[in-house]
Enquirer: 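Pasting a structure here, questions to come.
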2 protein chains.
Amino acid sequence: MLSYTEENYLKALLKLSFQNEDKPETGTNEMAAYLGVKPATATDMLKKLKEKELVSYKKYGKILLTEMGKKSAMVILRKHRLWETFLCEKLDFSWDEVHEVAEQLEHIQSQKLVDKLEELLGFPQFDPHGDPIPKANGEMPEITRTLLSELQEGDTCTVASVKDTSAMFLQYLEKLKVRIGTRLKIKEVIDFDGSMYIAIGEGEPRSVSMKFAESLFVQKL
Amino acid sequence: MLSYTEENYLKALLKLSFQNEDKPETGTNEMAAYLGVKPATATDMLKKLKEKELVSYKKYGKILLTEMGKKSAMVILRKHRLWETFLCEKLDFSWDEVHEVAEQLEHIQSQKLVDKLEELLGFPQFDPHGDPIPKANGEMPEITRTLLSELQEGDTCTVASVKDTSAMFLQYLEKLKVRIGTRLKIKEVIDFDGSMYIAIGEGEPRSVSMKFAESLFVQKL
DNA sequence: AATATTTGTTAGATTAATCTAACTTATATA
DNA sequence: TATATAAGTTAGATTAATCTAACAAATATT
Ligand SMILES: [Mn+2]
Ligand SMILES: [Mn+2]
Ligand SMILES: [Mn+2]
Ligand SMILES: [Mn+2]
């Protein structure tokens, strides 16, 4: 049985392995920074996780989840995303409110609860932020994601998921009526600062910053 | 902000205050036994809760929740019973499975979550075991409860709630088709051992032990 | 009232998770 | 290559929650 804290470290390692796309290794400092603890603390926990054969690493070396560790972490991610979906779909939470609560709910221990929840939600494929939900067997559809900033003038796309899931960005998207699935058309790319002039759904075109364009994943049409 | 553990102590004190009907005080040993810890541990926690003004007590004296402590405990009980109801109503858990999971869920911190959950469930009055659910304002209908064992030959009643909520008893009730609301008629009381011969709903009369009759609360008709 | 029993507290230790400060190893740079 | 910087570890301390063993107070019983 894993502690609440151990689970958080595992999930962090999984998330970081997604982030560092090319190679899934991580360092102690990166891990500590992600979790908001000091490197010394991360080192201590790493030893414990290594003891439990959930991570593989040696002193001063790179950190990697073992198969077992990855499996455990995927279960936690599955719970997180199912709970986020539940909060949105069944309890009318907005997509900027769900993460905080799901951080707590993901640690509830009950196989049956997760599976029944998934059933209640109709086996959703994606969470409210457009991220794929791992299946009970541990599989998760590997999706190729394109940043809005990678598109060219004249391209059309639909919003697939949000890269930056901060409440601030999510609320801004809400204000612009940009949601998962919304159709976007790139009218103009401003080379000077990387900003874009885009049409959102049927609305009037408007300008968004490069930071914005680098925070949204889209599906090119 | 209260820790998971502090919340459990508060809830225990509230439950014990219901149990010790006449006076709501409790002792260190009783509290420790209830929580499955040693008396020394309970004493330590008591000091902390006193420091936070959630309980009032002095060395070697009786333990009582303060108004603040009682309020906090009621919120936890409210969450527990709402989650139990959710698990039964929405996720098809049986009434002997819900308690364990609700013990975890009751500690999730989110005012909005609780209130939305209550709304989703249609503002239920009672949990799956027939226990009243405290309202958001902290009030809980004070119900006079009669034990089945207090009834006489010829009396008729409906099942109001279960006193013993152990999985073993709940499963036995399930087998006998005794549920909340089921109509019972006392055919005969055996003075020798306190057992009863009762009709359950429309079924054939059958005998139940005194222990059984002392574990069920009923509403006399 | 004297003594025995029950109830409750204290002292000292342990474990998990965290920190700071000091140290070590690896990597980058001149 | 020598040295500076970054990355990672260790030692020692702290806090929360727990325990055991010993002690103290309150209550019950002769
Ligand atoms: Mn999230
Ligand atoms: Mn999400
Ligand atoms: Mn319960
Ligand atoms: Mn209940």
Side-chain angles (χ1 to χ4, degrees), chain A residues 1-13 16-17 19-20 22-65 69 72-73 76 103-104 106-107 109, chain B residues 1-13 16-17 19-20 22-65 69 72-73 76 103-104 106-107 109:
Chain A
M1 183 65 90
L2 298 172
S3 73
Y4 185 105
T5 311
E6 287 168 327
E7 290 198 339
N8 280 140
Y9 278 86
L10 287 183
K11 193 179 54 143
L13 286 172
L16 288 170
S17 82
Q19 242 167 70
N20 305 341
D22 31 343
K23 38 189 174 255
E25 305 136 343
T26 314
T28 306
N29 285 358
E30 190 181 20
M31 195 180 158
Y34 186 89
L35 285 163
V37 300
K38 301 290 154 159
T41 309
T43 300
D44 283 347
M45 181 55 79
L46 235 26
K47 287 182 192 165
K48 202 194 303 187
L49 294 177
K50 186 189 174 164
E51 196 54 46
K52 294 192 175 182
E53 298 185 61
L54 295 164
V55 305
S56 83
Y57 100 115
K58 47 185 176 318
K59 252 211 269 189
Y60 295 105
K62 286 298 170 189
I63 307 160
L64 253 167
L65 285 170
S72 300
I76 303 162
E103 282 294 303
Q104 299 177 61
E106 71 190 4
H107 300 289
Q109 305 282 246
Chain B
M1 185 62 90
L2 298 173
S3 74
Y4 186 105
T5 311
E6 288 169 327
E7 289 198 341
N8 280 141
Y9 278 86
L10 287 183
K11 193 178 56 143
L13 286 171
L16 288 169
S17 83
Q19 242 169 70
N20 306 341
D22 31 343
K23 39 189 171 258
E25 303 135 345
T26 315
T28 306
N29 285 359
E30 189 181 21
M31 194 179 158
Y34 185 89
L35 285 163
V37 299
K38 301 290 154 155
T41 309
T43 301
D44 283 348
M45 181 55 79
L46 234 27
K47 287 180 191 165
K48 202 196 300 186
L49 294 177
K50 186 188 174 166
E51 195 54 45
K52 296 191 174 183
E53 298 184 62
L54 295 164
V55 305
S56 83
Y57 100 115
K58 47 185 174 325
K59 254 212 271 191
Y60 295 104
K62 286 298 170 191
I63 306 160
L64 254 167
L65 285 169
S72 300
I76 303 163
E103 283 293 304
Q104 299 177 60
E106 72 190 2
H107 301 289
Q109 306 282 276

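Since we're looking at a predicted model, the values are computed, not measured. By convention in this document, chain letters (A, B, ...) are assigned in the order of the sequence lines, proteins followed by strands, and residues within each chain are numbered from 1.
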Enquirer: Measure the distance from CD1 on A:Ile63 to C1' on D:dG8 and round it to the nearest whole Å.
Expert: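 Going from A:Ile63 (CD1) to D:dG8 (C1'), I get 9 Å.
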
Enquirer: Look at A:Lys47 and D:dT10 and indicate whether a side-chain polar atom (N or O) is within less than 4.0 Å of OP1 or OP2.
Expert: yes

Enquirer: Out of the candidates B:Leu13, B:Leu64, B:Leu65, B:Ile63, only one should pair with B:Glu25 under the side chain to side chain contact (heavy atoms under 4.5 Å, CB included) rule; please name it.
Expert: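 The residue from B:Leu13, B:Leu64, B:Leu65, B:Ile63 that satisfies side chain to side chain contact (heavy atoms under 4.5 Å, CB included) with B:Glu25 turns out to be B:Leu64.
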
Enquirer: Does the B:Glu7 side chain pair with the main chain of B:Leu2, one donor and one acceptor, at a distance under 3.5 Å?
Expert: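 No; judged by distance alone, with no hydrogens or angles, the pair does not exist.
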
Enquirer: In residues 24-35 of chain B, what residues come within less than 4.0 Å of DNA chain C, judged by heavy atoms?
Expert: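 Only B:Gly27, B:Thr28, B:Asn29 qualify.
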
Enquirer: Taking C-beta and beyond as the side chain, do A:Lys11 and A:His107 meet within less than 4.5 Å on heavy atoms?
Expert: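 A side-chain contact under 4.5 Å is absent here.
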
Enquirer: Name the atoms and distances for all side-chain donor-acceptor pairs under 3.5 Å in residues 35-43 of chain B, with sequence neighbours left out.
Expert:
from	atom 1	to	atom 2	distance (Å)
B:Thr43	OG1	B:Pro39	O	3.1

Enquirer: Taking atom CD of A:Glu103 as the centre, does the number of heavy atoms from other residues, nucleotides or ligands within less than 6.0 Å exceed 12?
Expert: yes

Enquirer: Nearest whole Å is fine: how far is D:dA16 P from B:Met1 CE?
Expert: 15 Å

Enquirer: Short of 4.0 Å, heavy atom to strand atom, which residues of residues 49-59 of chain B count as contacting DNA chain D?
Expert: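 Within residues 49-59 of chain B, no residue comes under 4.0 Å of DNA chain D.
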
Enquirer: Go through the structure and list residues passing side-chain contact (heavy atoms from CB on, under 4.5 Å) with A:Glu30, not counting sequence neighbours.
Expert: A:Leu16, A:Asn20, A:Thr26

Enquirer: Classify every nucleotide of nucleotides 18-23 of chain C by which part a protein heavy atom approaches to under 4.0 Å, writing B for the base, S for the sugar-phosphate alone and - for neither, in 5'-to-3' order.
Expert: BBB---

Enquirer: Would you please name every residue forming a side chain to side chain donor-acceptor pair (under 3.5 Å) with A:Asn29, sequence neighbours left out?
Expert: none

Enquirer: Under 4.5 Å between any side-chain heavy atoms of B:Met31 and B:Leu46, yes or no?
Expert: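 Counting from C-beta outward, B:Met31 and B:Leu46 do come under 4.5 Å.
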
Enquirer: Taking the side chain as everything from C-beta on, heavy atoms only, tell me whether A:Glu6 gets closer than 4.5 Å to A:Lys52.
Expert: yes

Enquirer: Is there a side-chain contact between A:Tyr4 and A:Glu106 in this structure, where contact means two heavy atoms from C-beta onward sitting under 4.5 Å apart?
Expert: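 No, too far: nothing below the 4.5 Å cut-off.
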
